[in-house]
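Down below is the structure, laid out as structure tokens.
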Amino acid sequence: MGSAGLDLCRKIVTRFPKTMCFSFAYGSGVKSQIGYEKKHLRDNIVDLVLCVEDDKMMEWHRKNIEKNPHDYSGLGIFGAWAITKYQISIPANVYCNTLIPVKDENVTIKYSVTRKSDLIEDATQWTYLYLSGRLHKPVQFIQEPDETLKKALDKNLETALTVALLLLPEKFSNLELFYTIAELSYSGDFRMIFGENPNKVNNIVKPQLESFFRLYKPLIEQRRLTLQYPHDFGGQYIQEKSREIVFEQLKSIPFIYPVDNLTNELKDYRVQLRHILRMRVFRSSALQSIKNIPTAGFIKSLKYSYAKALKTFKK
């Protein structure tokens, strides 16, 4: 995204209450993807995530309902308390308003709202692998995170790199590394069963390889004792895969991993790790997708799903 795109995103977020503590844009509207080559940001739906301090969440919804009443479906009539309760009671603790026309900027947006504590928990613990999964990939910060959030987001990237290294063989390329990272939050995703392009991960990674590398380069360089990285972009990585290194990597993963159940030869850890990730992603993506139907309204949900399916079948 160029400066013009960032300026547009900054203009868009001015339509919301000002009590957000962090915001970012993601997806094909702001980052290159194969099959979504549009000349202007306005030609794609712009996906936004808006993060609000916990104690200001209900007030934020109250002000947003007053300011942008047409963003909300029929649930809006129940007021800010009910909206907030609905948001935080069902995984992935996100409230989503979709297919919102911003007429002043001639653009359509979809925005997800979350509490700061929920974003931090997902980034550091991978509780849902929902917002944290989006942040495994290059995104566009609109409002910069504070120090607490930044540490959580850095931890999220560090865990993504660790898990990818566990899943990869001794030698691999940049494409294989970043494909593995991007795939973490799509493997098991309910939406991949229907309505999402099965080549989604490849379409994200290939045109953004250099952006992925810039994002992960500091973390890659920190592992120089166990990970040799190529001097040229097309070269190969070589990682140490000793039993001791693998165990240390497994123990550093923030969610509970049954290390004690592994065989001495570590034959099963990749299978077990993939299973845990798939189950976690499936649960949160399925619940959030179902949760989004009433927040969008039935007609908008059909329209959004149809548009996704149409893009898939064209590929």
Side-chain angles (χ1 to χ4, degrees), residues 1-2 4-16 20 22-51 64 67-73 92 94-114 130-131 133-143 182 185-186 189-192 194-205 207-208 211 285 288-315:
M1 177 191 284
L6 179 56
D7 289 343
L8 176 59
C9 285
R10 285 173 174 163
K11 287 179 182 177
I12 291 170
V13 297
T14 61
R15 73 190 294 275
F16 302 115
M20 297 175 298
F22 173 53
S23 59
F24 66 91
Y26 69 96
S28 60
V30 295
K31 295 294 179 180
S32 298
Q33 289 188 28
I34 296 172
Y36 295 87
E37 297 87 353
K38 302 288 183 69
K39 292 182 179 179
H40 303 289
L41 185 63
R42 290 177 173 85
D43 294 330
N44 283 313
I45 294 176
V46 178
D47 294 280
L48 306 170
V49 171
L50 314 176
C51 181
N64 198 43
K67 195 173 183 181
N68 303 300
H70 298 296
D71 288 6
Y72 292 81
S73 65
V94 168
Y95 192 93
C96 182
N97 285 325
T98 191
L99 295 181
I100 308 300
V102 183
K103 294 180 181 178
D104 291 346
E105 303 300 335
N106 191 29
V107 69
T108 300
I109 66 172
K110 180 182 77 174
Y111 65 94
S112 301
V113 189
T114 191
Y130 192 80
L131 294 179
R134 283 153 176 73
L135 288 158
H136 290 166
K137 300 171 275 290
V139 301
Q140 176 62 63
F141 287 3
I142 304 169
Q143 182 179 351
S185 60
Y186 282 109
D189 193 326
F190 172 80
R191 297 164 300 172
M192 296 299 288
F194 175 77
E196 194 60 86
N197 189 342
N199 298 316
K200 180 81 171 179
V201 178
N202 186 65
N203 293 348
I204 290 172
V205 175
Q208 296 188 70
S211 295
S285 64
Q288 187 64 46
S289 295
I290 294 167
K291 176 181 172 183
N292 287 347
I293 294 173
T295 66
F298 184 69
I299 299 299
K300 275 189 179 180
S301 294
L302 280 179
K303 185 177 179 182
Y304 184 74
S305 298
Y306 174 75
K308 281 275 189 182
L310 193 63
K311 287 179 181 178
T312 300
F313 294 142
K314 284 182 177 179
K315 300 297 178 284

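Excluded from the calculations below are hydrogen atoms, water molecules and symmetry mates; all remaining heavy atoms, backbone and side chain alike, are included. All residue numbers in this chain count up from 1 along the given sequence.
Taking the side chain as every heavy atom from C-beta outward, Leu131 and Val94 approach each other to under 4.5 Å. A heavy-atom distance below 4.5 Å is not found between the side chains of Ser23 and Val49. At least one side-chain heavy atom of Ile12 sits under 4.5 Å from a side-chain heavy atom of Ile109. In this structure, Phe16 and Lys67 have side chains that are not in contact, with every pair of non-hydrogen atoms separated by 4.5 Å or more. Between Gln143 and Cys51, every side-chain heavy-atom pair lies at or beyond the 4.5 Å cut-off.
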Audit row: Arg10, Leu6, side chain to side chain contact (heavy atoms under 4.5 Å, CB included) steps and yes/no: CA-CA 6 Å; Arg10 285 173 174 163; Leu6 179 56; 3.5 Å; yes
Set out, in order, the CA-CA distance, both residues' side-chain angles and the distance that settles side chain to side chain contact (heavy atoms under 4.5 Å, CB included) for Phe24 and Leu48, then state yes or no. CA-CA 6 Å; Phe24 66 91; Leu48 306 170; over 6 Å; no
Take Lys110 and Ile100 through the test side chain to side chain contact (heavy atoms under 4.5 Å, CB included) and record every step on the way to the result. CA-CA 6 Å; Lys110 180 182 77 174; Ile100 308 300; over 6 Å; no
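Between the side chains of Asn203 and Asn199, no donor-acceptor pair of N or O atoms lies under 3.5 Å.
In this structure, CD on Gln288 lies 7.0 Å from SG on Cys96, to the nearest 0.5 angstrom. The CG atom of Asn97 lies 9.5 Å from the CG atom of Leu50; values are rounded to the nearest 0.5 Å. If you take CZ on Arg134 and OG on Ser112, they are separated by 6.5 Å, rounding to the nearest 0.5 Å. Rounding to the nearest 0.5 Å places CD1 of Ile45 at 14.5 Å from OH of Tyr111.
Although no hydrogens or angles enter the test, the distance criterion places a donor-acceptor pair under 3.5 Å between the side chain of Ser73 and the main chain of Thr295. The backbone N or O of Ala25 lies less than 3.5 Å from no partner atom in the side chain of Gln140, so there is not a single donor-acceptor pair.
Closest approach of Gly27 to Asp47, counting heavy atoms only: CA-OD2, 4.4 Å. Nearest heavy-atom pair across Gly133 and Lys137 is O-NZ, 2.7 Å.
Aromatic ring pairs are classed by plane angle as parallel below 30°, tilted from 30° to 60° and perpendicular above 60°; the pair Tyr72 and Tyr95 is tilted.
Taking a cutoff of 4.0 Å between a charged side-chain nitrogen and a carboxylate oxygen, Arg15 and Asp71 qualify as a salt bridge.
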